[in-house]
Structure formats: structure tokens, C-alpha cells
There are 2 protein chains.
Amino acid sequence: MSVTPQRMAIYRALLEAEDHPSPDTLYRRIHRKMPSLSLATVYKTLDALCALGLVQEASVGSETKRYDANLERHHHLVCTECGGIMDFYDRALDAVAPPRRLSGFVAQGISIQVVGRCAECARTRS
Amino acid sequence: MSVTPQRMAIYRALLEAEDHPSPDTLYRRIHRKMPSLSLATVYKTLDALCALGLVQEASVGSETKRYDANLERHHHLVCTECGGIMDFYDRALDAVAPPRRLSGFVAQGISIQVVGRCAECARTRS
DNA sequence: GTAGTTGCAAATCTTTTGCGCGACA
DNA sequence: TGTCGCGCAAAAGATTTGCAACTAC
């Protein structure tokens with residue numbers, strides 16, 4: 001993949017950012033310095049950088065909201081292939097607690113997802 | 001909050017579902033049995049059920065995608081108030097590993113978010 | 001020239017909102 | 001009659017796609 005001023009600017013803005021910006025936020029930030037930049041380029045570039053492994057999506061999860069009526073303590077298996085989410089139970093993970101010192105952040109809970117490929121996708125696709 | 005056939009149907013469909021459906025998926029499922037149901041009602045009802053604590057969003061995170069160029073092993077503090085995401089580092093959490101037996105699911109990694117209120121929001125708002 | 005990249009505009013999808021209607025106390 | 005919840009349609013956002021122009025080899 002070739003290095004272009006746009007891609008450079010996007011990657012550098014992301015390296016400098018402390019706040020895990022959304023594509024739109026990133027776009028507005030860079031647009032000040034580089035007014036010709038388009039939002040579509042930001043989206044395309046972020047996809048490419050993700051594919052290269054240079055950046056990551058900050059939150060695991062699906063594109064769209066998903067709901068759960070299971071209120072027991074449990075964790076989620078998230079399939080990167082099909083986007084499926086499965087519940088699972090694990091005593092060891094239940095015991096994981098937020099650290100005590102978080103410099104002002106008041107923890108209310110902790111959420112754990114195991115990311116990988118579900119049985120179906122692991123079997124079917126290479 | 002009053003109990004209506006629509007709300008009943010949505011809540012029950014969610015209790016029966018194993019797959020953490022999206023609002024749209026849920027709508028299509030229930031719509032077969034209750035053709036008058038509208039998607040807007042599904043959205044409104046899911047919001048209400050969330051507020052009551054009867055259901056949860058399956059994935060922590062913001063409405064929109066957020067990116068991160070920090071590839072070091074780290075975890076996220078997610079503020080429920082302002083939606084902010086902050087990095088933090090914690091050896092104990094680094095050591096948390098996916099369980100071995102996951103009935104066919106092939107784990108590739110584990111993602112941990114501490115949910116709560118950031119210093120700013122904890123101070124400012126009640 | 002060719003391949004790859006950009007910006008624009010349109011299209012698509014998801015989610016939210018405004019509003020009139022009907023149910024029910 | 002007043003309140004609440006519903007469905008519909010429009011609106012608002014977020015993301016993707018098609019395409020013509022441009023650049024760098």
C-alpha cells in the first residue's frame with residue numbers, strides 16, 4: 001500500500017490522539033489542516049490501516065447494536081468471522097475485578113469478551 | 001410502565017433468543033407472528049427495557065466506530081456518561097487469559113473494558 | 001498507458017423523532 | 001377527557017459505493 005499525504009495525516013492524527021476518535025472526529029481534526037480531505041477517504045483509509053494491523057477498532061463488537069436479556073453474570077464469545085455473539089460462563093473470569101487505582105475513574109463494572117472464531121466458522125472457512 | 005402485547009412479545013423474543021439479536025433481527029422475527037408491529041416500537045421498547053434493567057446491550061461501546069493506533073497490550077476505560085474511552089495499563093488484567101474449553105470456539109484474544117464514569121463526569125454530574 | 005488513490009455525490013443502513021389515532025382508565 | 005403507547009413516515013446520522021479526474025510510475 002502506498003504512502004500518501006492523506007494516509008500519513010490520518011495515521012499520524014490517530015497516533016497523536018488520546019481519545020480514540022471516530023472517523024468523523026478524525027476527519028474534522030485533519031480537515032482544518034488539509035481542507036481537501038474527504039470523509040470517504042478517512043473511512044477507506046481506516047479500513048485499510050485496520051487490515052494492515054496498524055490500527056484497531058477500539059471496541060470489540062458488531063456494527064449494529066445487539067441486545068441480551070440474560071442478566072446472569074456471564075461473558076461473551078465474539079466471532080470475528082460471522083459477527084455472532086455467544087454467552088459463556090467462567091468462574092475464573094467472573095472473579096476478574098477492575099483495578100483499584102484508576103486516577104479518578106469510578107469503575108462500575110467490567111466487561112470481558114473473548115474474540116475468535118466460532119465453531120461453525122472455524123470449521124467452514126479456512 | 002404498562003405491559004402491552006408488543007412489549008411482551010419483544011421481551012419474550014429476547015429471552016428466547018440465543019444470539020443477541022439486533023433490533024432489526026428482533027423485529028423481523030416478531031413481525032411474522034405480529035404483522036402490525038413496527039420497527040420504531042422495537043427500538044423504543046428496547047430502550048425502555050434497558051432503562052428498567054431488564055435487558056442489556058450486549059457490547060459495551062459507543063454508537064459509532066472508534067479507532068486506536070495504540071498496539072501495546074492495554075485495556076479501556078469506558079465512560080457511560082460522556083462516551084469517552086481511555087487507555088490504561090494493568091499487569092493483572094494483562095494476565096487474564098481465555099478459558100481453554102470453549103466447545104469449538106477458537107479464541108484469538110480477549111478484550112477487557114472497565115465501565116464506569118470518568119474523573120470529569122464523576123465530578124461534574126451528580 | 002496502467003494501476004492505484006482521491007473527492008464528490010448518491011445510495012444504503014441504522015436509529016430517532018414528530019404526530020395523529022386509538023385504547024383504556 | 002386525559003394519558004399512554006402504537007404505527008407510519010420523515011428526519012437525522014453513519015457508512016459505503018460508483019465514478020470521473022488525477023498522480024506517479
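Letters A, B, ... are given to chains in the order of the sequence lines, protein chains preceding strands, and every chain is numbered from 1. Remember, predicted model here, so these are calculated numbers, not experimental data.
- Atom CE in B/M1 sits about 8 Å away from atom P in D/dG5, given to the nearest Å.
- In terms of heavy atoms, A/L39 sits closest to A/Y27 at N-CE1, 3.4 Å.
- We find that CD of A/E63 is positioned 13 Å from C1' of D/dT16, with the value rounded to whole Å.
- Using modelled atom types and a 3.5 Å distance limit, the side chains of B/H20 and A/D87 yield a donor-acceptor pair.
- In terms of position along DNA chain D, the nucleotide closest to B/P35 lies nearer the 5' end than the nucleotide closest to the other residue of the pair B/T64 and B/P35.
- Backbone-only engagement by A/Q6 is indicated by non-hydrogen atom pairs under 4.0 Å involving sugar-phosphate atoms exclusively.
- When rounded to the nearest whole Å, the span between CZ of B/R7 and C1' of D/dC6 equals 9 Å.
- Contacts of B/K65 with the nucleic acid, taken as non-hydrogen atoms under 4.0 Å apart, involve only primed sugar atoms and P, OP1 or OP2.
- Between D/dG7 and B/S36, a contact under 4.0 Å exists linking OP1 or OP2 to a side-chain N or O.
- Rounded to whole Å, the distance from CD1 on B/I10 to P on D/dG5 is 13 Å.
- The two residues A/F88 and A/L93 come nearest to each other via the heavy atoms CZ-CD1, 3.6 Å.
- Side-chain proximity of B/D47 to D/dT15, C/dT16, C/dT15: nearest is C/dT16.
- The shortest distance between the side-chain N/O atoms of A/T4 and the OP1/OP2 oxygens of D/dT23 is not below 4.0 Å.
- Computed from coordinates, the A/Y27 OH to C/dT6 P distance equals 14 Å when rounded to whole Å.
- In terms of phosphate contacts, B/Y43 brings no side-chain nitrogen or oxygen within less than 4.0 Å of OP1 or OP2 of C/dT16.
- Of all heavy-atom pairs between A/C121 and A/C82, the closest is SG-CB, 3.6 Å.
- Between the side chains of A/Q113 and A/S111, at least one donor N or O lies within less than 3.5 Å of an accepting N or O.
- Side-chain proximity of A/K44 to the nucleotides D/dC19, D/dC6, C/dA9 is greatest for D/dC19.
- Residue contacts for B/S22: at a heavy-atom cut-off of 4.0 Å it reaches no nucleic acid atom on any strand shown.
- Look at NE2 on B/H31: it is 10 Å from C1' on D/dG7, rounded to the nearest Å.
- The nearest whole Å value for the distance from the CG atom in B/L37 to the P atom in D/dC8 is 9 Å.
- With distances taken from any side-chain atom of B/S2 to the nucleotides D/dG5, C/dC8, D/dC8, the minimum falls on D/dG5.
- A sub-4.0 Å separation between OP1 or OP2 of D/dG7 and a side-chain N or O of B/T41 is present.
- Nucleotide D/dA9 holds its C1' atom 13 Å from the CG atom of B/L39, rounded to whole Å.
- In the set D/dC8, C/dT14, D/dT15, D/dC8 carries the atom at the smallest distance from any side-chain atom of B/A40.
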